[in-house]
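To keep things clear, I will list the structure first and then write my remarks on it.
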Number of protein chains: 2
Amino acid sequence: MLYIGFNRKIFTMELDALDKQLVALLQEDCKKTTKQYADALQLSKTAVYERIRRLERTGVITGYVALLNKSKVNRDFTVMCHIRLVQHTKENVLRFEREILKLEEVSECFHVGGDYDYILKINVEDMKSYREFMITKLTAINNIGNTQSSFVINEVKNSPSVHI
Amino acid sequence: MLYIGFNRKIFTMELDALDKQLVALLQEDCKKTTKQYADALQLSKTAVYERIRRLERTGVITGYVALLNKSKVNRDFTVMCHIRLVQHTKENVLRFEREILKLEEVSECFHVGGDYDYILKINVEDMKSYREFMITKLTAINNIGNTQSSFVINEVKNSPSVHI
DNA sequence: TCAAAATTAGAACAATATTCTATTATTAAT
DNA sequence: ATTAATAATAGAATATTGTTCTAATTTTGA
């Protein structure tokens, strides 16, 4: 697979069945010992070690992070916020996205097609702090047309991993 | 902070400034050495080691995972799918959520208030596979009223971490 | 103010990651 | 199909880091 262009993917690394199994395990828990992954895959420590290094080197694995229980840190009030811009000039779009990146309450932000222009996931402590966030930070950004907030009643599933 | 009830949080663990710094570091990169975190926090290895263990033991940290570059594994076609149910009986809701949990293409699913009942994040290879997913898996679930798919044009921000 | 409990530092030890060498398997060209 | 070159693997050797231990220090609560 070959793409032309600047900063685009040049090729898709071929992952064999063992790589896929390994990636699945690492997406579940990246803190097991090499030996544990090796036993699961019926390979030697070295084989697994080299495969992980290759996945890192080729950019398949981008990092390793700790996950938190949001309720334990008082950030379990989640809102999906839909935003419509007034005007879609390139400058407006870029400036909006730049401003959003500064907001620590926003954990996800997607530019989408359809009814609204952006869908954001926002994590705060409670409704009061959401209101505060809205009036002092979000709507302070220029060029926002209107917003629609969908409050999360229940997190059915929330995983950073992708099935391959 | 104290709550009454079954399966609710009993107390919120008090995190001091060092804990918060540490959690922030671990959410960025959980594979550094204890010594590296210790240097950053101006603490000894043991102090950091014990703090991490406590964060794990008290459930603040729920796990450690590898993050992937979705484009490298051909799962960079992302769709935010809004779903309305026909009927909201308890059984219908539970059955719907149970079915959603089985779908590996769905990485996030939130039960929300507002215009729609559920907002899903779906990761597949391309539009063709999304169509396939829609007609064979998603709409095969009973009790779905209608859906609205917002295709992601650009991921402005997509992080599993929360700012505390 | 004092005793009890928790936190921390530094050393000692155990476990694991990483490197090295040799062997085996895979690939690509003839 | 054969062979040379390359890549992947296993097992041993080494280096690094995680984990435990002990003592000292700080914090907490009466």
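Here is the naming used below: chain letters follow the sequence lines, and residue numbers restart at 1 for every chain.
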- prompt: Which atom pair, heavy atoms only, marks the closest approach of A:M134 to A:S149?
  reply: CE-OG, 4.2 Å
field: Whole-Å gap separating C1' (D:dA7) and CZ (A:R51)
entry: 11 Å
task: Starting from C1' on D:dT9, measure out to CD1 on A:I52 and report it in whole angstrom.
output: 15 Å
- request: Can you run down the salt bridge (Lys or Arg N to Asp or Glu O under 4.0 Å) pairs that involve residues 128-141 of chain A, sequence neighbours left out, and say none if there aren't any?
  value: A:E105-A:K137
- prompt: Closer than 4.0 Å, any side-chain N/O of B:R54 to the OP1 or OP2 of C:dA6?
  reply: no
Can you give me the N/O atom pairs linking the protein to nucleotides 22-28 of chain C at distances under 3.5 Å, or say none if there are none?
none

field: Pairing of A:D39 and A:K32 as salt bridge, 4.0 angstrom limit
entry: no
query: Are any side-chain N or O atoms of B:Q27 and backbone N or O atoms of B:V162, one a donor and one an acceptor, separated by less than 3.5 Å?
result: yes
Contact summary for A:E125 and A:D76, nearest pair of heavy atoms: O-OD1, 4.1 Å
field: Axis bend over the full length of the helix from C:dT1-D:dA30 to C:dT30-D:dA1, computed from five pairs that close each end, to 10 degrees
entry: 60°
message: Check this for me: does any side-chain nitrogen of one of A:K102 and A:E99 sit under 4.0 Å from a carboxylate oxygen of the other?
response: yes
query: Just how far, in rounded Å, is P of C:dT8 from CG of B:D39?
result: 15 Å
query: Relative to the ring of A:H111, is the ring of A:Y118 parallel (under 30°), tilted (30 to 60°) or perpendicular (over 60°)?
result: parallel
message: Given 3.5 Å as the limit, does a donor-acceptor pair link the side chain of B:R84 with the main chain of B:Q148, or not?
response: no
task: Please round to the nearest 0.5 Å and tell me the distance separating atom OG1 of A:T78 and atom CG of A:N154.
output: 10.5 Å
message: Applying side-chain contact (heavy atoms from CB on, under 4.5 Å) to B:N158 and B:K121, what does each step give before you reach the verdict?
response: CA-CA 12 Å; B:N158 190 7; B:K121 186 161 84 178; 3.3 Å; yes
Distances under 3.5 Å only, N/O to N/O: pair up the protein atoms with those of nucleotides 23-30 of chain D.
none

- request: Following the transitive rule for hydrophobic clusters with a side-chain heavy-atom cut-off under 4.5 Å over Ile, Leu, Val, Met, Phe, Trp and Tyr, establish whether B:I153 and B:Y130 coincide in one cluster.
  value: no
field: Under 3.5 Å: donor-acceptor pair, side chain of A:D117, backbone of A:L85
entry: yes
- request: Using a 4.0 Å cut-off on protein heavy atoms (strictly under), produce a 5'-to-3' string for nucleotides 13-21 of chain C with B for base contact, S for backbone-only sugar-phosphate contact, and - for none.
  value: ---SBBBB-
field: Exam field: side chain A:Q36 to backbone A:T33, donor-acceptor pair closer than 3.5 Å
entry: yes
- request: Determine yes or no for a side-chain-to-main-chain donor-acceptor pair under 3.5 angstrom, with A:N143 supplying the side chain and A:Q87 the backbone.
  value: yes
- prompt: How close or far is atom C1' of C:dT7 from atom CD of B:E14, stated in whole angstroms?
  reply: 17 Å
message: So if I take residues 16-27 of chain A and measure heavy-atom distances to DNA chain C, which residues fall below 4.0 Å?
response: none
message: I'd like to know if the side chain of B:K157 and the backbone of A:V106 have a donor-acceptor N/O pair within less than 3.5 Å.
response: yes
